[in-house]
Engineer: 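Here you go, one structure.
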2 protein chains.
Amino acid sequence: MEPRTIKLGQRVTVTTRRRKPEPARLSADRIVEVAIGYDAVTMRSVARELGTGPASLYAHVSGRAELDQLVTGKVCAQWRIPDPDPDHWDDQLRTAMTDLLALYRAHPGVARCAMGMIPTEEGVLAVSEKLLAILVAGGVPPQHCAWFVDVASLYVGSVAVEEDIWRERAAGQDVESVTEEAVVAAVHDVFAGLPADRFPLLTAMADTMTTGDADERFAFGVDLLVSGLVALSRR
Amino acid sequence: MEPRTIKLGQRVTVTTRRRKPEPARLSADRIVEVAIGYDAVTMRSVARELGTGPASLYAHVSGRAELDQLVTGKVCAQWRIPDPDPDHWDDQLRTAMTDLLALYRAHPGVARCAMGMIPTEEGVLAVSEKLLAILVAGGVPPQHCAWFVDVASLYVGSVAVEEDIWRERAAGQDVESVTEEAVVAAVHDVFAGLPADRFPLLTAMADTMTTGDADERFAFGVDLLVSGLVALSRR
DNA sequence: ACCTGAACACCGTTCAAGT
DNA sequence: ACCTGAACACCGTTCAAGT
């Protein structure tokens with residue numbers, strides 16, 4: 001496994017981008033397309049990328065809130081969820097959640113848009129429907145099905161948001177010190193260096209605390225949720 | 001249960017606050033104190049509340065990142081976690097997580113500060129230590145103990161962040177339409193009103209999808225995680 | 001050492017004006 | 001109907017200047 005660099009999105013600060021002075025020919029679709037293509041989803045950066053000022057976007061999109069909706073809708077539409085297979089519903093959930101994380105990773109900044117969103121967009125509703133189908137086919141109690149969709153989405157989203165935050169923090173830092181490994185090593189040293197009398201477990205478990213890369217840790221969380229669902233259903 | 005209003009933090013926009021022209025007498029402690037006392041933790045709002053400009057804070061705090069650390073540290077220090085009781089480790093975890101959510105709710109905006117933070121602050125480390133103690137006493141495998149602390153913190157934090165987002169969205173809206181009940185009712189109608197052929201489950205399960213208040217939903221997530229931990233340990 | 005005002009580079013949104 | 005520049009109210013941070 002190669003050392004994944006957290007670097008990215010190095011804030012170009014080129015204020016004089018403005019490609020050509022041709023009239024912009026905008027549309028909601030173009031705006032959303034650009035928004036999911038660049039790391040930081042902001043009105044101004046999207047407008048800049050389209051060669052206009054932010055005010056121009058408001059003819060096609062009511063504001064940041066609607067852009068968030070459209071962006072997550074478009075990304076969710078790329079989320080391939082299989083038809084339910086009652087014998088493997090739990091594995092289907094696991095891979096579905098992993099796929100969503102991969103999608104968020106491919107579109108930095110989108111997880112933040114999705115956070116706290118009321119699902120009304122087509123694409124978002126479609127994936128909820130398909131997740132529900134897998135859960136229902138698995139024989140999970142209806143109330144658990146319903147709530148699990150929310151909890152699972154929230155968990156995947158928050159992992160992605162955390163990674164986005166790390167990425168942003170890494171941008172504008174010296175590149176060598178922000179590999180995932182370097183950060184983990186630093187945290188390890190913090191734990192190991194604590195006073196052992198007041199932090200007996202953290203010092204003793206410094207290795208264990210810092211074991212595993214982002215994927216392993218995420219997989220553990222997914223395992224917890226799915227295993228928990230199985231356990232609750234059997235009660 | 002009374003209808004909880006999501007209203008709060010109504011952005012006063014009083015730009016001319018500036019209490020007295022006395023020299024400020026600042027300190028990191030005063031700054032943090034003020035920061036956890038008001039909903040939106042921003043350099044400028046904290047400075048305003050202290051009667052100065054934002055630049056003054058930089059003599060005591062290196063920037064937003066350190067303020068985030070100090071604020072979460074201070075809030076975590078208020079988090080009372082019991083000494084481990086091996087017979088009730090799972091219930092201890094459940095109530096600990098619920099207590100943290102209550103703490104975040106009492107200090108809007110703090111959950112956002114905590115998100116993606118590398119734990120180095122005293123207060124944060126102390127609670128990790130105590131959570132670990134409960135898990136270890138419960139006989140949970142060390143690797144699961146370590147990872148669970150992270151997943152649990154992330155889950156509680158992300159629920160709190162979502163609630164903060166709703167609160168902010170509610171501010172600057174007409175008050176009657178943003179009670180938790182009103183929002184849930186609106187979401188219910190979205191689900192129920194979908195085309196039944198393409199969304200058979202969402203339409204049929206509209207009631208189930210919108211059952212439960214914030215506390216019940218949170219408790220379900222906590223149950224998933226803790227039950228999952230029990231199930232994984234037994235494998 | 002500590003505080004300050006002014007400035008810089010951001011952010012979302014509005015609004016009068018253009019076509 | 002669509003696009004625009006300028007403005008407003010924010011944000012974090014820096015920096016020269018004051019005490």
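Below, chain A is the first sequence line, B the second, and so on; all start at residue 1.
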Engineer: Answer yes if the side chains of B:T211 and B:T208 hold a donor-acceptor pair under 3.5 Å, and no otherwise.
Structural biologist: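 Not at all, the side chains of B:T211 and B:T208 share no donor-acceptor pair under 3.5 Å.
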Engineer: Salt bridge check, A:D68 against A:R112: does any charged N sit closer than 4.0 Å to a carboxylate O?
Structural biologist: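 Judged by the 4.0 Å cut-off on N to carboxylate O distance, A:R112 and A:D68 do not form a salt bridge.
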Engineer: Over how many whole Å does the gap from A:L50 atom CG to D:dC2 atom P extend?
Structural biologist: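 Result: 16 Å.
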Engineer: Are any of the side-chain nitrogens in B:K74 or B:E121 under 4.0 Å away from the carboxylate oxygens of its partner?
Structural biologist: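 No, B:K74 and B:E121 are not salt-bridged.
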Engineer: Is the shortest distance from a Lys or Arg side-chain nitrogen in A:D164 or A:R105 to a carboxylate oxygen in the other one below 4.0 Å?
Structural biologist: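 No, no charged N to carboxylate O under 4.0 Å.
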Engineer: In plain terms, say whether B:R80 and B:D99 are close enough for a salt bridge, that is, a side-chain N and a carboxylate O under 4.0 Å apart.
Structural biologist: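 Here B:R80 does not pair with B:D99 in a salt bridge, since their nearest N and O are not under 4.0 Å apart.
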Engineer: Tell me whether the side-chain N/O atoms of B:H60 come closer than 4.0 Å to OP1 or OP2 in C:dA1.
Structural biologist: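 False: B:H60 side-chain N/O out of range (4.0 Å or more) of C:dA1 OP1/OP2.
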Engineer: With a 4.0 Å cut-off on N to O distance, would you call B:E129 and A:R198 a salt bridge?
Structural biologist: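 Between A:R198 and B:E129 there is no salt bridge, as every charged N stays at least 4.0 Å from the carboxylate O atoms.
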Engineer: Would you kindly say whether B:S45 and B:T42 are connected by a side-chain donor-acceptor distance under 3.5 Å?
Structural biologist: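 There is such a pair (donor and acceptor under 3.5 Å, judged by atom type) between the side chains of B:S45 and B:T42.
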Engineer: Check the phosphate of C:dC11 against A:R48, side-chain N and O only, distance under 4.0 Å to OP1 or OP2. Yes or no?
Structural biologist: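 Answer yes for this pair, as a side-chain N or O of A:R48 is under 4.0 Å from OP1 or OP2.
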Engineer: Based on Watson-Crick and G-U pairs with both distances under 3.5 Å, what dot-bracket line describes DNA chain C 5' to 3', crossing pairs as [ ] and inter-strand pairs as |?
Structural biologist: ||.|||||...|||||.||
Engineer: Sugar-phosphate means primed atoms, P, OP1 and OP2; the rest is base. With that split, encode nucleotides 12-18 of chain C 5' to 3' as B, S or - using protein heavy atoms under 4.0 Å.
Structural biologist: BBBB---
Engineer: When you check the gap from the basic side-chain N to the acidic O, do B:E162 and B:R217 get nearer than 4.0 Å?
Structural biologist: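 Between B:R217 and B:E162 there is no salt bridge, as every charged N stays at least 4.0 Å from the carboxylate O atoms.
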Engineer: Please state how far atom CG in B:D68 lies from atom C1' in D:dC11, giving the value in whole angstrom units.
Structural biologist: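 That distance rounds to 13 Å.
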